[in-house]
Q: 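Mind looking over this structure? Questions follow.
Predicted, not measured: the structure shown is a model, and the values here were computed from it. Chain naming here is simple, since letters A, B, ... match the order of the sequence lines and numbering starts at 1 in each.
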Amino acid sequence: MNKLILEDYNLEMTLLGGQAFNWDFEDECFYGFTQSRIIKLMPVETCRGKSLLQWQTYPENDDIDFLKSYLRLDVNYKNILNKIQKDRYVKTAVKKYPNLRLVKQDFEETLLSFIISTNNNIKSIRKYIRLLSQKFGKSINVNGDKYYLFPRTEVIAEAKLEDLLSCSLGFRAKYLKGTAKYLLENKLTKKIHKLSEENTRIELKKIKGVGDKITDCVMVFSLGFDNITPLDVWGKRVLTDFYKVNKKMKYKDMRRWIENYFEGYAGWAGQFLFEYIRHQ
DNA sequence: TCTCAGGGGCGAT
DNA sequence: ATCGCCCCTGAG
C-alpha cells in the first residue's frame, strides 16, 4: 500500500458527514466508491495532528492524482480557519469538530447523489445509494472482497424506472433517470466546469428535480465554489437561531447574507456550523 | 399503531 | 409568492 501523511485532517467527520454519502468505515479503514474506483484509506499512526495513511485505489492502483484532488490537499487550511472564525458559533464549532474539511467530489456523482437527498435524511440517502450501487454498479474485487462502484451515468439513464423504484427512491426515481439523461444529452459535465458562478447556477437549475439547495450542494461539494453553503433545514436553522436572521427571508436572500458574512469561505464555515447545530 | 420529519422541488393556483 | 403533494423510512 502507498503512504501519505495527512496534516490537520479529520477523515471520519469529513468523509462520513453530510457532504459525501459514499464512504464506509469498516475494519479500521475507510472505503469509498465512485463511478470509476474503490478507494481504501487506512490510518495507521497519529501524532500531533499528523497522521500516517496507507492507501490504495482499485481497480487502477496508485491513483495519487485522484486522491490529492479529492481530499483537496492543496488548500491552506490554517488560513481558512482564521478567516471563518468570526464569532463564538464558528469558534465553538471549530473546537468541537477539529480538522473538518471540504472534499472535491466528481460532478456527476455529486449531482446524482443529491437528487436522491431530496426530502430525505442522511441515513436513508446512504442506504439508497448503496442499494443503487449494488443493483446498477460494477463490482470490484479488493483483496478477495466484493465492492460496488457508484452506477455509471449511462446505466442510470437507461435503467427501467421500475428497477430504480425498487431501490426505494420513490418520487426521486424519475428525477434521477431524467438527470442522468440530461447530463448525457447536453454534455453538461464538459460545459459546467467552464462557467461562472451565476451561469453554473442557471444551468443546474434547468434540470428537473434540481432546485436552489441541490444546486448549492453540487457547487460547493464538487465544483469548488468555496463561498456557497447549502441552506437546507439545518442551514436555515443556523441563520435563524445563531445569527437571528428573519425566518421569512427568501432562500436567495439568506444565501446572499451568509456569503457576504463569511467573505469567500461560507462553504467551509457552513460545514462546521452544520455539524454543530445538527448535533445540538 | 400511529405520527412526524427528513441536507426539497414541482406544479397548480 | 404560496401551498399541497410526492415516496419511503426510522425515530419516538
Side-chain angles (χ1 to χ4, degrees), chain A residues 13-23 93 97 100-105 109-132 134-135 156 159-182 201-223 225-243 245-255 258-259 266-280:
Chain A
M13 275 187 306
T14 302
L15 301 178
L16 304 179
Q19 61 179 311
F21 308 107
N22 57 331
W23 287 90
Y97 305 100
L100 177 61
R101 300 270 190 148
L102 280 178
V103 293
K104 184 169 184 177
Q105 304 174 64
E109 282 162 23
T110 309
L111 178 55
L112 296 169
S113 295
F114 277 95
I115 293 270
I116 296 168
S117 79
T118 302
N119 198 222
N120 240 332
N121 55 49
I122 293 176
K123 193 172 179 181
S124 298
I125 302 163
R126 291 174 56 87
K127 184 179 164 187
Y128 302 153
I129 288 178
R130 278 155 188 72
L131 285 174
L132 207 62
Q134 282 159 27
K135 194 170 181 72
I156 295 179
K160 282 191 206 160
L161 201 58
E162 55 181 286
D163 290 335
L164 292 172
L165 284 166
S166 73
C167 298
S168 304
L169 296 179
F171 66 88
R172 303 161 197 87
K174 59 180 183 288
Y175 296 139
L176 187 68
K177 184 175 162 73
T179 298
K181 287 175 91 170
Y182 187 96
R201 184 168 281 124
I202 290 170
E203 286 305 312
L204 288 174
K205 285 184 70 175
K206 285 181 184 171
I207 305 171
K208 291 259 184 211
V210 180
D212 283 322
K213 189 268 175 183
I214 293 179
T215 293
D216 283 348
C217 287
V218 172
M219 289 178 73
V220 65
F221 299 144
S222 79
L223 297 177
F225 288 95
D226 283 351
N227 197 29
I228 292 178
T229 197
L231 296 171
D232 49 64
V233 289
W234 298 105
K236 285 176 183 168
R237 274 173 210 166
V238 165
L239 285 185
T240 56
D241 296 4
F242 289 167
Y243 299 110
V245 164
N246 191 329
K247 279 187 172 66
K248 298 270 188 187
M249 201 187 270
K250 301 297 170 204
Y251 191 99
K252 204 174 172 181
D253 296 323
M254 284 195 176
R255 180 170 59 216
I258 195 163
E259 288 176 3
W268 294 85
Q271 273 319 98
F272 281 103
L273 294 167
F274 174 76
E275 290 299 331
Y276 184 25
I277 202 160
R278 194 162 70 96
H279 292 109
Q280 259 192 346

Q: Starting at CD1 of A/Ile115 and ending at C1' of B/dC10, how long is that distance when rounded to a whole Å?
A: 12 Å
Q: Return the CG to CD distance between A/Leu100 and A/Gln19, rounded to the nearest 0.5 Å.
A: 7.0 Å
Q: In dot-bracket form, how is DNA chain B paired, counting a Watson-Crick or G-U wobble pair only if both its distances are under 3.5 Å and using | for bases paired to another strand?
A: .|||||.||||||
Q: Report yes or no: do A/Asp212 and A/Thr215 form a side-chain donor-acceptor pair below 3.5 Å?
A: no
Q: Start with the C-alpha distance between A/Lys135 and A/Ser166, add both sets of side-chain angles, then the distance that settles side-chain contact (heavy atoms from CB on, under 4.5 Å), and finish with yes or no.
A: CA-CA 9 Å; A/Lys135 194 170 181 72; A/Ser166 73; 3.3 Å; yes
Q: Which atom names give the shortest non-hydrogen contact between A/Arg172 and A/Ile116, and what distance separates them?
A: CD-O, 3.3 Å
Q: Rounded to whole Å, how long is the line connecting atom OH of A/Tyr251 with atom P of C/dT2?
A: 17 Å
Q: What is the separation between atom CG on A/Leu231 and atom P on B/dG9, rounded to the nearest whole Å?
A: 11 Å
Q: How long is the gap from CE on A/Met13 to CD on A/Glu275, to the nearest 0.5 Å?
A: 7.0 Å
Q: How many angstroms lie between CG in A/Leu204 and NZ in A/Lys206, if you round to the nearest 0.5 Å?
A: 10.0 Å
Q: Rounded to whole angstroms, how far apart are CZ on A/Phe114 and C1' on B/dG6?
A: 14 Å
Q: Between C/dT2 atom C1' and A/Lys248 atom NZ, what is the distance in whole Å?
A: 11 Å
Q: Base, sugar-phosphate or nothing for A/Phe21? Non-hydrogen atoms, less than 4.0 Å.
A: nothing
Q: With respect to the side chain of A/Arg237, which nucleotide from C/dA1, B/dG8, B/dG6 is positioned closest?
A: B/dG6
Q: Which residues, if any, of residues 269-280 of chain A bring a heavy atom under 4.0 Å of DNA chain B?
A: A/Gln271, A/Phe274
Q: Would you say the side chain of A/Asn227 lies within less than 4.5 Å of the side chain of A/Ile258, judging by non-hydrogen atoms?
A: no
Q: Starting from P on B/dG9, measure out to NZ on A/Lys206 and report it in whole angstrom.
A: 18 Å
Q: Counting primed atoms plus P, OP1 and OP2 as sugar-phosphate and everything else as base, spell out the protein contacts along nucleotides 6-12 of chain C at 4.0 Å heavy-atom distance: B, S or - for each nucleotide, 5' to 3'.
A: BBSSSS-
Q: Which part of the nucleic acid, if any, lies within contact of A/Gly18, taking any heavy atom under 4.0 Å across all strands shown: a base, the sugar-phosphate backbone alone, or nothing?
A: base
Q: Under 4.0 angstrom, heavy atoms only, what part of the nucleic acid is A/Ile207 near: base, sugar-phosphate, or nothing?
A: sugar-phosphate
Q: Using the side-chain contact (heavy atoms from CB on, under 4.5 Å) rule, take A/Tyr128 and A/Cys167 through it: C-alpha gap first, then chi angles, then the decisive distance, then the call.
A: CA-CA 6 Å; A/Tyr128 302 153; A/Cys167 298; 5.7 Å; no
Q: Using whole Å, report how far NZ of A/Lys252 lies from P of B/dG8.
A: 21 Å
Q: Between B/dG6 atom P and A/Ile122 atom CD1, what is the distance in whole Å?
A: 12 Å
Q: Determine whether the aromatic ring centres of A/Tyr276 and A/Phe242 lie less than 6.0 Å apart.
A: yes
Q: Counting C-beta onward and ignoring hydrogens, is there a side-chain heavy-atom pair between A/Leu15 and A/Val103 closer than 4.5 Å?
A: yes
Q: For the atom pair CG (A/Asp232) and CG (A/Asn119), what is the distance rounded to the nearest 0.5 Å?
A: 12.0 Å
Q: Would you please confirm or rule out a distance under 4.0 Å between OP1 or OP2 of B/dG8 and any side-chain N or O of A/Lys208?
A: no
